[in-house]
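Every chain is numbered from 1, with letters handed out A, B, ... down the list of sequences.
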Amino acid sequence: MKKSTSEKNSFAKDCYELLRRVPQGYVTTYKDLALALNSKAFRAVGQIMKKNPYAPEVPCHRVVCSNGNLGGFVHGKEAKKKLLEKEGLSFQKEKILNFDKHKFLFPIQKKN
DNA sequence: TATTTGACCAAGA
DNA sequence: ATCTTGGCCAAAT
């Protein structure tokens with residue numbers, strides 16, 4: 001079964017769509033984003049964020065590593081940490097405290 | 001078209 | 001607990 005031509009560019013697009021749904025005070029991970037797209041392109045997700053941070057429309061600062069580590073950020077990790085702290089998250093060095101507690105799961109996510 | 005690159009991940013030592 | 005290693009996949013070069 002061949003994929004339709006229209007869903008060729010869907011990866012990056014869907015990425016932003018999903019990320020845009022993440023509310024303040026919550027975070028998601030590169031892994032979960034990829035899995036939500038039925039893919040394992042964990043790294044590609046990060047690449048996309050770096051290249052096309054569609055600016056404040058998409059909260060790229062709410063995307064972190066699945067192990068609770070802060071992850072990366074174009075404007076520097078410290079800026080990212082500050083933003084998340086403002087949204088109510090707390091940190092231990094580079095790790096997020098109560099990580100899974102603030103982790104946002106997408107409506108149609110495969111079983112954890 | 002082929003190769004390299006990463007804001008990653010999970011398992012080993 | 002930290003560090004290394006191999007793998008993974010879309011995008012850029």
Interatomic distance, A/Lys13 atom NZ to A/Leu18 atom CG [nearest 0.5 angstrom]: 10.5 Å
Rounded distance (Å) that lies between atom P of B/dC8 and atom CG of A/Asp32: 15 Å
Between C/dA10 (C1') and A/Asn38 (CG): distance, integer Å: 15 Å
Between P of B/dA11 and CZ of A/Phe42, the distance in whole Å: 11 Å
Spacing of A/Phe11 atom CZ relative to C/dA12 atom C1', expressed in whole Å: 15 Å
Rounded distance (Å) that lies between atom P of C/dC8 and atom CG of A/Leu35: 15 Å
Heavy-atom side-chain contact between A/Lys86 and A/Gln24 under 4.5 Å: no
Cluster link A/Val27 to A/Val45, ILVMFWY, side chain under 4.5 Å: no
Separation of C/dC9 C1' from A/Leu33 CG (nearest whole Å): 15 Å
Nucleotides 2-7 of chain B: protein proximity per nucleotide (B base, S sugar-phosphate only, - neither; heavy atom, under 4.0 Å): ----BB
Electrostatic pair A/Glu17-A/Arg20, nearest N-O below 4.0 angstrom: yes
From CZ (A/Phe106) to CG (A/Leu19), nearest 0.5 Å: 7.0 Å
A/Leu84 and A/Val64, any side-chain heavy atoms less than 4.5 Å apart: yes
A/Lys40 NZ - C/dG6 C1' separation (whole Å): 16 Å
Option passing side chain to side chain donor-acceptor pair (under 3.5 Å) with A/His61 (candidates A/Lys81, A/Glu87, A/Lys80, A/His75): A/Glu87
Sugar-phosphate, base or nothing in reach of A/Ala34, heavy atoms under 4.0 Å: nothing
Joint cluster assignment, A/Val63 & A/Leu37, ILVMFWY side-chain distance < 4.5 Å: yes
Interface with DNA chain B, restricted to residues 91-101 of chain A and to heavy atoms under 4.0 Å: none
A/Lys95 atom NZ: more than 12 heavy-atom contacts under 6.0 Å: yes
Under-4.0 Å side-chain N/O to phosphate OP1/OP2 contact, A/Ser66 with B/dC9: yes
